[in-house]
2 protein chains.
Amino acid sequence: MYRIGELAKVCEVKTDTLRFYEKHGLLAPSSRTESGYRIYTQTDADRLRFILRAKAVGFTLAEISELLSIELDKANWACADVKGLVDDKLSHVEQKIAELERFRRSLSSLSQACCGGPESAEHCSILEALETNCDQIRCENHRHDAKQTHKQ
Amino acid sequence: MYRIGELAKVCEVKTDTLRFYEKHGLLAPSSRTESGYRIYTQTDADRLRFILRAKAVGFTLAEISELLSIELDKANWACADVKGLVDDKLSHVEQKIAELERFRRSLSSLSQACCGGPESAEHCSILEALETNCDQIRCENHRHDAKQTHKQ
DNA sequence: CTTGACCTTAGATTTAACTCTAAGGTTTAT
DNA sequence: ATAAACCTTAGAGTTAAATCTAAGGTCAAG
Ligand SMILES: [Zn+2]
Ligand SMILES: [Zn+2]
Ligand SMILES: [Zn+2]
Ligand SMILES: [Zn+2]
């Protein structure tokens, strides 16, 4: 039996978070004291840990709600249903990774094209790429107009 | 010279977006008609394309504001400043990718541990992993209690 | 001269997951 | 018995980047 602050401490979340989960139907305390304080049982704590593990693999709270309703009524759901949720999430995550990979490659090209030195940005390859077309980044370092080479 | 709807069309954004960029200091039309309609010049259009290219490589609008203020006053900024913005963004993107990669690996393990069949989820490896510890996923397929093997 | 496409504004709504605030009641220890 | 720590509620604020709404003004064509 835990009060909200105790459960929050053992699970390393804030009391606000537990009230938020309750408001959103993810986790309600099994009972209340006469004065209205929330009382969580071990079962409640286990449910919270389920939620936190699901969060740790990337599920949103809406998805976790689905998982919890399956968890509470396993007999009426199939492995296919559970795996479906996981696979949907997996492909979503893979899509997001692909987008970020595109960002990473573009940024990396931009970075490599710029000397990063103390010279004026008037001829910075990064700015030039953004002015014209990011696909056409000249990956060799740009030259600043002065005859002197870049300071190292 | 474009009116808002024309510029929106050639750059494939919504008029709402252009008004939003104006409200947030990213792009203001060079003038207005007597009746208040926005008039964008070619320079304005170029600035919009700069913004859109920067978005395409992952910069937020706040970061794009910084880039734009450098772009408008290149002589007083160094390559180092520009490259710094790019490198900060790059490491941020890499961090985000790393997190999503952890999600991807966990989800992939979960997916592989589940038969995905029409059998009851009572012994689903995915749910068991979320109940106990996601790090200890048995990657061989679980067995359902019935003697019959899973339907293919 | 009216229809329809386009434009104006300010402000509300969306999404996700909290986080914070204000104003007050309860428990526990000293 | 009083102070500190804890609890309660409803509701507002945060972040990012739009997107939508309402109520109304402008302009070209037929
Ligand atoms: Zn340089
Ligand atoms: Zn440079
Ligand atoms: Zn199965
Ligand atoms: Zn399963």
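The sequence lines fix the lettering, A, B, ..., with proteins before strands; numbering per chain opens at 1. The figures here come from the full heavy-atom set of this structure, side chains too, leaving out hydrogens, waters and symmetry mates.
Summarising the geometry, atom CZ belonging to B:Arg38 is positioned 13.0 Å from atom OG belonging to B:Ser30; distances are rounded to the nearest 0.5 Å. Distance check, rounded to the nearest 0.5 Å: CD1 of B:Ile126 to CD1 of A:Ile70 gives 9.5 Å. How far CG of B:Leu26 is from OH of B:Tyr21: 7.5 Å, rounded to the nearest 0.5 Å. Taking CG of A:Leu100 as the start and CD of B:Glu101 as the end, the distance is 10.5 Å to the nearest 0.5 Å.
The side-chain contact (heavy atoms from CB on, under 4.5 Å) search around B:Arg3 returns B:Glu6, B:Tyr37, B:Ile39, not counting sequence neighbours. For A:Glu71, the side-chain contact (heavy atoms from CB on, under 4.5 Å) partners are A:Phe50, A:Lys74, B:Leu127, B:Glu131, not counting sequence neighbours.
Residue B:Ile4 contributes atom CD1, which lies 14 Å from atom P of D:dA18 at whole-angstrom precision. In this structure, A:Leu18 atom CG and D:dT8 atom C1' are separated by 15 Å, rounded to whole Å. Rounded to whole Å, the distance from OH on B:Tyr40 to C1' on C:dC6 is 14 Å. We find that OH of B:Tyr2 is positioned 19 Å from C1' of C:dC7, with the value rounded to whole Å. For the pair B:Ile39 CD1 and C:dC6 C1', the computed distance is 12 Å after rounding to whole Å. A straight line from NZ of B:Lys14 to C1' of C:dT8 spans 19 Å, rounded to a whole angstrom. Put simply, NZ on A:Lys9 is 11 Å from P on D:dA5, counting in whole angstrom units.
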Can you pull every protein N or O that's under 3.5 Å from an N or O on nucleotides 1-4 of chain C?
none

Are there any protein N/O atoms within less than 3.5 Å of an N/O atom in nucleotides 27-30 of chain C, and if so, which ones and at what distance?
unit_1, atom_1, unit_2, atom_2, d
C:dT27, OP1, A:Ser35, OG, 2.8

Return the polar atom pairs (N/O with N/O) between nucleotides 12-18 of chain C and the protein under 3.5 Å, or none.
unit_1, atom_1, unit_2, atom_2, d
C:dA17, OP1, A:Leu61, N, 3.4
C:dA17, OP2, A:Leu61, N, 3.2
C:dC18, OP2, A:Tyr21, OH, 2.8

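Using a 4.0 Å cut-off, no side-chain N or O of B:Arg19 falls inside it from OP1 or OP2 of C:dC6. Close to D:dT8, at under 4.0 Å from its OP1 or OP2, lies a side-chain N or O of A:Arg38.
Listed in residue order, the members of residues 91-99 of chain A having a heavy atom less than 4.0 Å from DNA chain C come to none.
The pair B:Lys96-B:Glu99 meets the salt-bridge criterion, since a charged nitrogen lies less than 4.0 angstrom from a carboxylate oxygen. Classification of A:Glu22 and A:Arg32 as a salt-bridged pair holds, one side-chain N sitting under 4.0 Å from a carboxylate O.
Taking a 6.0 Å sphere around CD of A:Gln42, one finds it holds more than 12 heavy atoms contributed by other residues, nucleotides or ligands.
In terms of modelled atom types and a separation under 3.5 Å, the side chain of A:Glu63 and the main chain of A:Thr60 share a donor-acceptor contact.
Using modelled atom types and a 3.5 Å distance limit, the side chains of A:Thr41 and A:Asp44 yield a donor-acceptor pair. Side-chain contact annotation: A:Ser109 with A:Gln112, donor-acceptor N/O pair under 3.5 Å absent.
Cluster annotation: A:Val10 is connected to A:Leu52 through the hydrophobic network of ILVMFWY side chains, with a link wherever side-chain heavy atoms come within less than 4.5 Å.
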* Audit row: B:Met1, B:Tyr40, side-chain contact (heavy atoms from CB on, under 4.5 Å) steps and yes/no -> CA-CA 5 Å; B:Met1 303 296 232; B:Tyr40 296 90; over 6 Å; no

